Amino acid sequence: MSRTLTVGVVGKGGAGKTTVSARLAETYAARGMRVVAVDTDSNPNLGLSLGLDLATVDALPALPTTAVTGTRTGPGSADALLSEYGTATPSGVTLLTALRVAEAASGCQCGGHRTVRSLLGDALARSTDVTVVDMEAGLEHLSRSGGTLAHADTLVTVVEPTRTSVVTAGRTQALAAELGLDVVLALGNKVRSDDDRTYLEQACADQGVRLVAVVPFDEAVAAADRGGGVGTPAPGVQAAVDALVTALDATVPARRGADRS
Ligand SMILES: Nc1ncnc2c1ncn2[C@@H]1O[C@H](COP(=O)(O)OP(=O)(O)O)[C@@H](O)[C@H]1O
Ligand SMILES: [Mg+2]
């Protein structure tokens, strides 16, 4: 791939954003790309899905909200931030934790969102081939003063076969378009039957949402989650993620920032 790719993974709470972010990041890493996975959830779990143990995840350094990148080199550059705050995970993906609520009711995370926006908008794009951003549930990150994801190339909306999930995907797409982010792909998740698949295909078509692949409900994913490990996902899970990667690759000409190299 000649250009960097920044993918924001969005969707309703529990839809599978973290699971999909981890599998997507690992799939790119397995193809030899330099991949950074950014956890922007204030309750960060992406590290667990990337194979780190709980003690490591709880001790992960969070990016300071003052870490605003504006230069290519030196303190504050994405390279410096990556080496100071990035954590290597077993698959080779580098994990960055952007937000962490250490104490209950610690208030607004705007500083953290600003950091993510700044990182995405600047040098992180030059230090990596692919950046996958696991977003907190909700649509706030698409609206907060320009949107945390204003610099993402592409959004992946994770949708379960439920009406609320698909409606959320439709709203997300509309908000993203307002930000000038036109490339929004939907990935179905936790599909248990042909009926689920048919429903998702129809409901996404009704909402104008582009469904590119469907991840089956996989007991191994659920069990791994309960057991605190990663486990071996069913072949259907990887096949869907591979199809997503193919769809993402096909969006290259349509991506904003086509002048970046
Ligand atoms: N394809 C799947 N099959 C089975 N369980 C899944 C699947 N995708 C996600 N899950 C489970 O659903 C729960 C929510 O997933 P998660 O990725 O944490 O969602 P989110 O980040 O959107 O809140 C987790 O327990 C996870 O293990
Ligand atoms: Mg999550």
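Both ligands and their constituent atoms are indexed starting at 1 by order of listing. Because the structure is a prediction, the values reported are computed rather than measured.
Salt bridge R163/D206: absent, no basic N to carboxylate O contact under 4.0 Å.
V9 places a side-chain heavy atom less than 4.5 Å from the side chain of V158. Counting heavy atoms from C-beta on, the side chains of Y28 and L248 come closer than 4.5 Å. V133 places none of its side-chain heavy atoms less than 4.5 Å from the side chain of S21.
Nearest approach of A186 to V159, heavy atoms of both residues: CB-CG2, 4.2 Å. The nearest pair of heavy atoms linking S49 to T18 is OG-CG2, 3.6 Å.
Protein atoms that are N, O or S and lie under 2.8 Å from the Mg ion (ligand 2) are these: T18 OG1.
Looking at residues two or more places apart in sequence or on another chain, you find no side chain to side chain donor-acceptor pair (under 3.5 Å) involving T19.
A distance limit of 4.0 angstrom between heavy atoms and ligand 1 selects the residues K12, G13, G14, A15, G16, K17, T18, T19, N189, K190, V215, P216, F217, D218, V221, A222, D225.
Atom CZ of R31 sits in a crowded spot, with more than 12 heavy atoms from other residues, nucleotides or ligands closer than 6.0 Å.
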Could you list the donor-acceptor pairs under 3.5 angstrom formed between side-chain atoms of residues 208-221 and any protein atom two or more places apart in sequence or on another chain?
residue	atom	partner	partner atom	Å
D218	OD1	A220	N	3.0
D218	OD2	A234	N	2.8
E219	OE2	R226	NH2	3.0

